[in-house]
There are 2 protein chains.
Amino acid sequence: MKSEPKRDPKRKIDIHYVAAHAGVSIATVSRALNRVPTVDPALAERVWKSVAELNYLPNTQARALVSGKSKLLGLIVSEITNPFFPELIQEFERVAVERGYEILIASTSHDPAKMEVVARRMLERKVDGVAIMTFGFGETFIERFAAIDIPSIFIDSPSKQPRSSTLSVDYREGLYEAVQHLAVLGHRKIGFITGPLHLVSAQARRTAFLDCLKSSGLPAEKSWIIEGDHTLDGGRDAMNKILALNHWPTAIMCSNDMTAIGVQHALFEAKLRVPEDFSLIGFDNIHLAEYTIPPLTTIRMSCKDLAQKAVRSLLSHLQPDGRPETEAVIPTRLIVRQTTGAPKASETTAKPAKKKAR
Amino acid sequence: MKSEPKRDPKRKIDIHYVAAHAGVSIATVSRALNRVPTVDPALAERVWKSVAELNYLPNTQARALVSGKSKLLGLIVSEITNPFFPELIQEFERVAVERGYEILIASTSHDPAKMEVVARRMLERKVDGVAIMTFGFGETFIERFAAIDIPSIFIDSPSKQPRSSTLSVDYREGLYEAVQHLAVLGHRKIGFITGPLHLVSAQARRTAFLDCLKSSGLPAEKSWIIEGDHTLDGGRDAMNKILALNHWPTAIMCSNDMTAIGVQHALFEAKLRVPEDFSLIGFDNIHLAEYTIPPLTTIRMSCKDLAQKAVRSLLSHLQPDGRPETEAVIPTRLIVRQTTGAPKASETTAKPAKKKAR
DNA sequence: CTGAAAGCGCTAACAT
DNA sequence: ATGTTAGCGCTTTCAG
């Protein structure tokens, strides 16, 4: 029986294997890997060489189990098919990976049942922190995570949990610029298509819009405030509701860019033109906004900012030294493109002839 | 000293805690949780009640460590900001979660350096399987995963690794319908904007296009085949190159929808109209295609199909019973919207006056 | 059918 | 500075 217990060629490459290969104990391997400063440089060198040679990858599960840190960050978004979120995800991933964290993405689709599942998934995988980028429904999650003392960050509605931070978006800033822009162009009748109003963020945007109208001395016509749902379809449907009205606004502002693209589509179908018949302003400034026809005037909210601040804040809660960053504000700014212009000179409050085939 | 060792209220809720609460051993708890059929129903019942009452969540890391199964599926995409991928991710997530798997998303951005990192991330986290949806560069990954015997699935280029499956897209099908559609409309001069040609999938699409041209008896003009990169910017730039030519095609086909949207933008800027001046066809049929102005004629490739088949195939490799699904074909089909029409009657091979301000 | 006990691969005391 | 050892929370033999 010629058994060779020490160097079984098909043996799994674990820390013991590396230790044997480098001629040190597993503790030294562990220390070298974790860059503990007290390790003899010569030994560390040997360890790293073995690691490279054997193509050793530490077992994350074992590490997580013993250390209590999963090195996983949760990222909850509402709707991954809204291009705003992929852009945010991309940056979040970049920053998190750079700092040695992996990221667990889940989308709720605004479905309460799914939210429950999503929270469970995050908890089961023992995320070290979680960013709730649903623009609403933060409360649903916050307490769950706070109860288990998982750092969290979410948007718009401040929380008083100790390990929870808030990102507050300054909607007024960009919205005010937008309303002013329209006012200067000569618009006095501005409609607004909101997001789903059960979301605090959608409410915040609507409220900010109303405030800006008031401080610009513009009237707020209730029938021109239509509830959308932040999707293409929602934008189209909302615009069609406005078109069914007897009195039309001359400009439409939207709670996000997808809504605005839906509006453009509704207008296209109705043979109405932008900006000749309606001026249009979106919100988010997704990359696509530059490519709509015509290119969309919109309000920029930097998703990179959002992502970076979220990761940074989360990680700040994870490090014992230095106090956590607990609040950050995200600015917004108007980006003028080609969907805004002066209202028609012939503009009256009477309903124009509609859908006249050209 | 009134110590109460058994029911420390702030004790972590682990399997021992549940076992104590239910009055059974941890082995029974484990078995009940894993639905081992030989457990006494009465005991199982007690365990489940305790689990619910204590809000117990099994520690996934510990589970993974001992079982060797991470219950994690990797999903590698090339570019998360291309809307095709979020749609695919959404479905992938849905199906995977339904089957009890979590999903690890990584995007390569076509960056070889990043690919290395991405592969490492997947390996470190010990994914049970990985879907490589980069539409190219599969080879970079396949071998790495095959070497460690991780099931994988990827697109277009078949692999001979035992635990690796292929999704082959039938590009010809939809492309042929598209070329025929244009031919019937009267087009004989069709240009094509490709994807990045270092991707096998982009090459496959171009080759399929060329074949369809030939079998339709249409000429293939080299200068009308421009390399794009599957992005908005790439589409715009490619179209501008075509516009700089002396002889124009009358129709443009694109390797994906984002490219087509970029083309629409270039045309808009050049004051050219779709479909009056150019007919345009995309590829993918992302949701947005319905909302471009005018709505984009495109070739549908179902990302849901892709996602479902990928997950199913991956999981089939993970179950010992039944043999793995090793190959699936994804159909494609033309969706006619409003970017295709007859070429101008005045159409000649001479270059029309360009950029005349209206 | 149930329980006791042996690890999974690693980190972090605790020795040396 | 390095090695030895005791777990992290769970699944899974192996006895009973």
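In what follows, every chain begins at residue 1, and chains take the letters A, B, ... in the order their sequences are listed. When reading the values below, keep in mind they use all heavy atoms of this one structure, side chains included, and skip hydrogens, waters and symmetry mates. As the structure is a prediction and not an experimental result, all values here were calculated from the model.
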Nearest whole angstrom, please: distance from the [atom2] of [N] to the [atom1] of [X].
| X | N | atom1 | atom2 | answer |
| --- | --- | --- | --- | --- |
| A:Lys71 | D:dC8 | NZ | P | 22 Å |
| A:Gln61 | C:dC10 | CD | P | 11 Å |
| B:Leu33 | D:dT12 | CG | P | 12 Å |
| B:Arg46 | C:dT2 | CZ | P | 9 Å |
| B:Leu43 | C:dG3 | CG | C1' | 11 Å |
| A:Ile26 | C:dA13 | CD1 | C1' | 13 Å |
| A:Arg63 | D:dC10 | CZ | C1' | 20 Å |
| A:His16 | C:dC10 | NE2 | P | 8 Å |

Exercise for the section: Carefully, step by step, assess A:Glu93 and B:Arg121 under the rule salt bridge (charged side-chain N to carboxylate O under 4.0 Å, His left out). Expected result: CA-CA 12 Å; A:Glu93 176 190 324; B:Arg121 284 166 58 192; 3.2 Å; yes
Practice task
Would you mind telling me which of D:dT2, C:dC1, C:dG3 lies closest to the side-chain atoms of B:Asp40?
Solution key: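 My answer, after comparing the listed nucleotides, is C:dC1.
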Would you say [X] places a side-chain N or O within less than 4.0 Å of OP1 or OP2 belonging to [N]?
| X | N | value |
| --- | --- | --- |
| A:Ser67 | C:dT11 | no |
| A:Tyr56 | C:dC10 | yes |
| B:Asn59 | D:dC8 | no |
| B:Ser30 | D:dT11 | yes |
| B:Ser25 | C:dA4 | no |

Practice task
Using modelled atom types only, decide if a donor and an acceptor are shared between the side chain of A:Asp128 and the backbone of A:Ser70 within a distance under 3.5 Å.
Solution key: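 At least one qualifying donor-acceptor pair exists.
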Problem - Of A:Ile15 and A:Arg31, the one whose closest DNA chain C nucleotide lies more 5' - result: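 Its nearest nucleotide being more 5', the pick is A:Ile15.
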Exercise for the section: Select from A:Ala62 and B:Val24 the residue whose nearest nucleotide in DNA chain C is closer to the 5' end of that strand. Expected result: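 Upstream on the strand: B:Val24.
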Handout entry: A:Ser165 versus A:Ser313, side-chain donor and acceptor atoms under 3.5 Å
Key =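 Indeed, the side chains of A:Ser313 and A:Ser165 share at least one donor-acceptor pair under 3.5 Å.
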Exercise for the section: Could you tell me whether B:Glu53 and B:Lys49 make a salt bridge, using a distance below 4.0 angstrom between a side-chain N and a carboxylate O? Expected result: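 Salt bridge flag = no for B:Lys49 with B:Glu53.
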Handout entry: Basic-acidic side-chain contact under 4.0 Å: A:Arg120, A:Glu116
Key =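 The answer is no: the pair does not qualify as a salt bridge.
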